[in-house]
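What follows is a short report on a single structure.
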Amino acid sequence: MSLQIQMLGTGSAFAKTLYNTSALVRSTNGNVLIDCGYSTPKSLHEINIQPDQIDGIIISHIHADHVGGLEEMAFRLLYEFNHKKTKLFLTKSIASILWENTLKGGMYNPSDGFTRIEDYFEIVLIDEHMPTEILPGFTVEMITTMHIPHKPNYSLFINDQTFYSADTQFNAELLTQEVVNKRNCHTILHDCQLSGHGAIHATLEQLLTLPDDIQERIYLMHYGDNMMNYIGKTGSMRFIQQHEVLILSK
Ligand SMILES: O=c1ccn([C@@H]2O[C@H](COP(=O)(O)O)[C@@H](O)[C@H]2O)c(=O)[nH]1
Ligand SMILES: [Zn+2]
Ligand SMILES: [Zn+2]
């Protein structure tokens with residue numbers, strides 16, 4: 001079974017010319033989103049994918065550039081697609097805050113009986129650090145990584161071969177020991193803050209300290225509007241662009 005990942009956006013939270021970093025995992029067994037920021041539904045529209053063609057959504061953390069499109073997805077599934085409930089793949093710690101802290105404001109509607117996240121989505125809880133089959137041939141392991149202190153945040157291993165950082169601070173030991181030495185991941189999609197101090201993301205300067213054989217596996221995402229100024233300055237790492245497709249397995 002072939003497995004592909006298509007970037008729906010590659011921008012940072014404050015980018016104005018780039019869509020939110022999110023991805024569509026495409027296989028013969030279905031389509032699954034990794035994150036759904038506020039510009040993700042527009043990106044899906046641009047590649048002619050309708051909400052009812054999405055079989056599930058995996059959420060890494062609850063910043064708006066990663067979950068801000070969930071309200072539109074849920075309401076369109078409700079009103080335009082006969083209340084189809086797509087699956088929402090979440091860890092317990094994300095599930096406990098996503099509705100109360102983020103979605104409830106716009107989606108709580110007691111007069112129509114919509115008072116819980118389960119009224120809109122089929123919730124599938126994922127255990128941290130436990131490989132979980134999302135679709136036949138597509139397994140995800142969500143590992144805790146540091147983004148904003150004291151807030152739950154996850155990076156993903158896909159089929160134990162691809163590492164998708166979502167938003168995370170630089171962690172050389174994780175990339176070197178776990179991602180490359182132990183699991184020998186051939187593809188690494190990593191967030192990248194192009195300039196300034198890396199308080200909550202890996203910076204380009206930090207990623208450039210990695211050995212060349214690791215850099216060669218890295219595609220940079222979650223970058224700013226000024227990405228063009230950095231072309232040719234990313235060592236052996238490449239920028240991945242919106243709607244670009246990587247074949248993860250044939
Ligand atoms: O230093 C920072 C920068 C940003 N934030 C908050 O995070 C969100 C999303 O930003 P990401 O860079 O995509 O994580 C942003 O809207 C800010 O609210 C922060 O807490 N600290
Ligand atoms: Zn982000
Ligand atoms: Zn974030």
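All ligand and atom numbering here is 1-based and tracks the order in the structure.
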**Asked** For Phe81, is the NZ or CZ atom of Lys84 found under 6.0 angstrom from the centre of its six-membered ring and inside 45 degrees of the ring axis?
**Response** no

Answer key: the N, O or S atom of His222 nearest to the Zn ion (ligand 2) is NE2

Atom name of the N, O or S atom of Asp167 nearest to the Zn ion (ligand 3) is OD2

One finds that the ligand 1 atoms under 4.0 Å from a non-hydrogen atom of Ile148 are 19 (C), 20 (O)

Next on the checklist: Whether the Tyr19 and Thr40 side chains hold a donor-acceptor pair (N or O, under 3.5 Å, no angle test) is what I'd like checked.
Outcome noted: no

Any protein heavy-atom neighbour for atom 18 (O) of ligand 1 (distance below 4.0 angstrom)? no

May I ask you to check whether Asn20 and His66 show a side-chain donor-acceptor distance below 3.5 Å?
no

- For this output row, return yes or no: ring centroids of Tyr223 and His190 closer than 6.0 angstrom. no

The protein heavy atom nearest to atom 12 (O) of ligand 1 is His201 NE2, 2.5 Å

Among non-hydrogen protein atoms, atom 16 (O) of ligand 1 lies closest to Phe14 CE2, 3.6 Å

Counting from 1 in the order shown, the ligand 1 atoms closer than 4.0 Å to a non-hydrogen atom of His147 are 14 (O)

Near Asp167 (heavy-atom distance under 4.0 Å), the atoms of ligand 1 are 11 (P), 13 (O), 14 (O)

task: May I ask you to check whether Tyr120 and Phe114 place their ring centers less than 6.0 Å from one another?
output: yes

Using only heavy-atom distances, determine whether the side chains of His147 and His63 contain a donor-acceptor pair under 3.5 Å. yes

min-distance protein heavy atom vs atom 10 (O) of ligand 1 -> Ala13 CB, 3.3 Å

For Ile200, the ligand 1 atoms with a heavy-atom partner under 4.0 Å come out as 1 (O), 2 (C), 3 (C), 4 (C), 5 (N), 12 (O), 14 (O), 19 (C), 21 (N)

Checklist line | Exercise: do Ser43 and His243 side chains pair donor with acceptor under 3.5 Å | finding: yes

Does Glu173 CD have over 12 foreign heavy atoms under 6.0 Å away? no

- request: Verify salt bridge (charged side-chain N to carboxylate O under 4.0 Å, His left out) between Asp160 and Arg183, making sure each step is shown before the conclusion.
  value: CA-CA 7 Å; Asp160 221 22; Arg183 305 195 192 217; 2.7 Å; yes

Per-atom filter on ligand 1: closer than 4.0 angstrom to a heavy atom of Asp65 are 9 (C), 13 (O)

Decide whether the shortest distance between a heavy atom of His222 and an atom of ligand 1 is less than 4.0 Å. yes

Checking distances from the Zn ion (ligand 2), one finds that the N, O or S atom of Asp65 closest to it is OD2

Among the N/O/S atoms of His63, the Zn ion (ligand 3) lies closest to ND1

_Any N/O/S atom from His147 (main chain or side chain) under 2.8 Å of the Zn ion (ligand 3)?_
yes

When distances are taken from atom 6 (C) of ligand 1, the protein heavy atom at minimum range is His63 NE2, 3.8 Å

